Amino acid sequence: APQYGGYCAFELSKGALAKGDPKAWTVNDGKLYLNFSEAVRENWRTDIPGNVAAANGNWPKVLE
């Protein structure tokens, strides 16, 4: 199952919510991450460890 309930991991790293696109995915350390689009995925991939750390810090409180 994708991380963050299927929301865009890059947007979560910025403290926002956006739908994840199942065509814009990355597997990192055995975990599936979705992004809003393939273009956003390219930004996500420039710093996956940093983006994961930031997204983890925002999840799940961003849902409130």
Side-chain angles (χ1 to χ4, degrees):
Q3 300 297 297
Y4 316 122
Y7 287 103
C8 175
F10 187 68
E11 290 301 314
L12 273 166
S13 74
K14 304 300 181 198
L17 287 177
K19 292 182 180 179
D21 180 346
K23 293 183 247 169
W25 56 273
T26 302
V27 173
N28 185 68
D29 289 333
K31 295 180 181 176
L32 174 62
Y33 298 94
L34 299 182
N35 292 117
F36 178 76
S37 67
E38 292 178 27
V40 170
R41 178 182 63 192
E42 295 311 310
N43 289 329
W44 163 258
R45 288 180 172 176
T46 63
D47 181 15
I48 292 175
N51 289 324
V52 167
N56 286 346
N58 291 325
W59 183 255
K61 65 185 172 190
V62 73
L63 296 173
E64 297 173 357

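Any value given below was found using the heavy atoms of this structure, including those in side chains, with hydrogens, waters and symmetry copies removed. Keep in mind the model is a prediction, meaning the values are calculated, not measured.
Applying the 6.0 Å contact sphere to CH2 of Trp59 captures more than 12 heavy atoms from other residues, nucleotides or ligands. The environment of Phe36 atom CZ is sparse: at most 12 non-hydrogen atoms of other residues, nucleotides or ligands sit within 6.0 angstrom.
When all heavy atoms are compared, the tightest approach of Gly20 to Pro22 is O-CD, 3.7 Å. In terms of heavy-atom proximity, Ala18 sits nearest to Glu11 at CB-CG, 3.6 Å. What you find for Ser13 and Ala54 is that their closest heavy atoms are O-CB, 3.5 Å. The shortest non-hydrogen separation linking Ala9 to Ala55 is O-CB, 3.8 Å. Here the closest heavy-atom approach between residue Asp47 and residue Gly50 is recorded as OD1-N, 3.1 Å. Between Arg45 and Thr26, the closest heavy-atom pair is NE-OG1, 3.2 Å.
Side chains of Val52 and Tyr33 form a contact here, defined as non-hydrogen atoms less than 4.5 Å apart. Looking at Val62 and Tyr7, their side chains never come closer than 4.5 Å, going by heavy atoms from C-beta outward.
Here the straight-line distance linking atom NZ of Lys14 with atom CG of Asn58 works out to 10.0 Å at 0.5 Å rounding. Taking CG of Asn35 as the start and CD of Glu42 as the end, the distance is 9.0 Å to the nearest 0.5 Å.
Cluster annotation: Leu63 is connected to Leu12 through the hydrophobic network of ILVMFWY side chains, with a link wherever side-chain heavy atoms come within less than 4.5 Å.
In this structure a side-chain-to-backbone donor-acceptor pair under 3.5 Å is missing from Asp29 to Lys31.
Between Trp44 and Phe10, the ring planes lie perpendicular to each other; the angle is over 60°, past the 30° to 60° tilted range.
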